[in-house]
*Asks:* 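One structure follows; several queries about it will come next.
It should be emphasised that the depicted structure is a prediction, and the values quoted were computed from it without experimental measurement.
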Amino acid sequence: MKKLRVLLVDDEIIIREGFKHLFDWEAHDCEVVGEAADGMEALAQIDVLRPDLVIMDINIPIMSGLKVIQLSRIKHPQIAYVIVSGYDDFSYCQQALRLQITDYILKPVNYEEFGTCIDNLKISLFEQRVSSAEEPTVQEERVITGITRYLQAHLAEEVSLAVLAEEFHLNPQYISQLFKSEIGVGFLAYLTNIRMEKAKKLLVSTSLSVAEIAQQAGYGDYRVFSKVFKKTEGITPSQYRREFFEGAEQNGGST
């Protein structure tokens with residue numbers, strides 16, 4: 001997978017410099033190709049640079065970050081956006097979600113969590129590429145697509161590189177390298193991501209207990225599941241479920 005081209009948008013130069021120097025872009029197969037300090041400059045840079053990802057504050061001069069996303073979506077619908085904001089405000093989150101942003105991150109930025117966000121984005125872009133292509137033409141793509149579909153179908157089971165190697169008659173190291181080259185993340189990061197996505201869907205669409213959801217997401221011990229969930233999502237499974245329904249009630253009450 002090619003490196004993701006990133007545009008940084010924030011009116012505070014210290015924030016842009018922090019992103020450039022405190023986060024290991026190379027380790028996540030990304031490169032910062034430009035930056036902007038206000039909304040108009042951001043629109044111009046998006047047109048010229050055609051980045052894969054824009055990291056942007058909401059509260060920037062001349063034109064808000066949300067307005068920039070709304071306008072740039074018209075010409076560049078394929079670009080992904082991550083909002084970085086100092087405002088922990090439900091209405092901002094609502095507006096951002098309507099614009100189908102990739103993530104909403106609060107300042108000060110936790111760069112470990114930001115790295116997880118970047119990896120999840122690469123997984124999402126890979127899955128979009130697979131779903132939009134009727135038949136992969138490259139052998140490696142065909143193999144990794146088969147493996148990822150197998151993982152989705154056997155998520156509740158014990159899955160490892162050794163299991164995949166036996167199932168697909170391949171070397172475990174080769175499979176590990178495929179995840180890095182074709183998706184851009186390691187096998188464990190990918191597996192954790194799809195397990196967390198499955199868990200989040202079950203938390204908000206069923207009344208299953210956390211222990212039952214842990215089992216369906218591939219964790220025999222719900223305590224391990226809860227620990228991994230909190231590390232990746234920042235809150236416990238129970239908090240995630242509660243905040244989702246509290247947010248839904250607020251949304252319903254405001255309309």
*Asks:* When you compare the side chain of F244 with that of L203, does any pair of heavy atoms fall below 4.5 Å?
*Replies:*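 Counting from C-beta outward, L203 and F244 never come under 4.5 Å.
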*Asks:* Looking at L8, is its backbone amide N or carbonyl O close enough to the side chain of R16 to form a donor-acceptor pair, meaning the two atoms are under 3.5 Å apart?
*Replies:*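 No.
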*Asks:* Hey, does the side chain of E140 reach the backbone of L178 with a donor-acceptor pair shorter than 3.5 angstrom?
*Replies:*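 No, because the side chain of E140 does not come within donor-acceptor range (under 3.5 Å) of the backbone of L178.
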*Asks:* Parallel under 30°, tilted from 30 to 60°, perpendicular over 60°: which one fits the rings of F19 and W25?
*Replies:*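 The rings of F19 and W25 sit tilted, inter-plane angle from 30° to 60°.
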*Asks:* Would you call I105 and E113 a side-chain contact if the rule is heavy atoms closer than 4.5 Å?
*Replies:*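 No, too far: nothing below the 4.5 Å cut-off.
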*Asks:* Applying side-chain contact (heavy atoms from CB on, under 4.5 Å) to V9 and V68, what does each step give before you reach the verdict?
*Replies:* CA-CA 10 Å; V9 182; V68 171; over 6 Å; no
*Asks:* For I79 versus R73, what's the shortest heavy-atom pair and its separation?
*Replies:*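 Closest approach of I79 to R73, heavy atoms only: O-NH1, 2.8 Å.
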*Asks:* Membership question, hydrophobic clusters at under 4.5 Å side-chain separation (ILVMFWY): are I60 and I62 in the same one?
*Replies:*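 Yes, I62 connects to I60 through the hydrophobic network.
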*Asks:* Does a side-chain heavy-atom distance below 4.5 Å link D10 with K107?
*Replies:*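 Yes, close enough: below the 4.5 Å cut-off.
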*Asks:* Would you say that L4 contacts L125 through its side chain, given a criterion of any heavy-atom pair below 4.5 Å between the two side chains?
*Replies:*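 Yes - at least one pair of side-chain heavy atoms lies under 4.5 Å apart.
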*Asks:* Any side-chain heavy atom of V210 within less than 4.5 Å of one from F225?
*Replies:*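 When only atoms from C-beta onward are counted, F225 and V210 do touch, with a gap below 4.5 Å.
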*Asks:* Please check: side-chain N/O of S176 versus main-chain N/O of P172, any donor-acceptor pairing under 3.5 Å?
*Replies:*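 The answer is no, because no donor-acceptor pair under 3.5 Å joins these two groups.
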*Asks:* Can you name the nearest heavy-atom pair linking E157 to R195, along with the distance?
*Replies:*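 Looking at all heavy atoms of both residues, the closest pair is O-NH2, 3.1 Å.
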*Asks:* Would you say the side chain of F23 lies within less than 4.5 Å of the side chain of V109, judging by non-hydrogen atoms?
*Replies:*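 No; the side chains remain at least 4.5 Å from each other.
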*Asks:* Hey, is CG on L22 packed in by over 12 heavy atoms from elsewhere, all under 6.0 Å?
*Replies:*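 Enclosed.
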*Asks:* According to a hydrophobic-cluster definition based on side-chain heavy atoms being under 4.5 Å apart (Ile, Leu, Val, Met, Phe, Trp, Tyr only), do L188 and L121 belong together?
*Replies:*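 No; L121 is not reachable from L188 via cluster members.
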*Asks:* Could you check if a side-chain atom of K75 sits within less than 4.5 angstrom of a side-chain atom of D47, using non-hydrogen atoms only?
*Replies:*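 Yes - at least one pair of side-chain heavy atoms lies under 4.5 Å apart.
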*Asks:* To the nearest 0.5 Å, how far apart are CD1 in I58 and NZ in K67?
*Replies:*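 Rounded to the nearest 0.5 Å, the CD1-NZ separation comes to 14.5 Å.
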*Asks:* How close do L202 and T206 get, counting heavy atoms only, and between which atoms?
*Replies:*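 Result for this residue pair: O-OG1, 2.7 Å.
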*Asks:* Are the side chains of D57 and D11 in touch, meaning some heavy atoms are under 4.5 Å apart?
*Replies:*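 D57 reaches D11 side chain to side chain.
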*Asks:* Taking E212 for its side chain and L208 for its backbone only, find out whether a donor-acceptor pair lies under 3.5 Å.
*Replies:*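 Between the backbone of L208 and the side chain of E212 there is no qualifying donor-acceptor contact (under 3.5 Å).
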*Asks:* With K3, which of E26, H28, E31 fulfils side chain to side chain donor-acceptor pair (under 3.5 Å)?
*Replies:*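 Of all the options given, the one that passes is E26.
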*Asks:* Over all heavy atoms of both residues, which pair between T148 and I183 is shortest? Give the atoms and the distance, please.
*Replies:*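 Smallest heavy-atom distance, with atoms named: CG2-CD1, 4.0 Å.
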*Asks:* Specify the closest pair of heavy atoms between M63 and L71, including all atoms of both residues, with the distance to one decimal.
*Replies:*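 Here M63 and L71 meet closest at SD-CD1, 3.8 Å.
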*Asks:* Does NZ in K231 sit with more than 12 non-hydrogen atoms of other residues, nucleotides or ligands closer than 6.0 Å?
*Replies:*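 Check fails, neighbour count at 12 or below.
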*Asks:* Between H154 and Y150, what is the ring plane arrangement, given parallel below 30°, perpendicular above 60°, and tilted in between?
*Replies:*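 H154 and Y150: parallel rings.
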*Asks:* Looking at every heavy atom in both A27 and D24, which two are closest together, and how far apart are they?
*Replies:*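 Result for this residue pair: N-OD1, 3.1 Å.
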*Asks:* Start with the C-alpha gap between I69 and I83, add the side-chain angles, then the distance that decides, and say whether side-chain contact (heavy atoms from CB on, under 4.5 Å) holds.
*Replies:* CA-CA 10 Å; I69 296 173; I83 290 292; 3.7 Å; yes
*Asks:* Under 3.5 Å, is there a donor-acceptor pair linking the side chains of S72 and Y81?
*Replies:*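 On atom types as modelled, these side chains qualify, holding a pair under 3.5 Å.
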*Asks:* Students often mix this up, so state it plainly: with edges at 30° and 60°, are the rings of F179 and Y190 parallel, tilted or perpendicular?
*Replies:*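 F179 vs Y190 ring planes: tilted.
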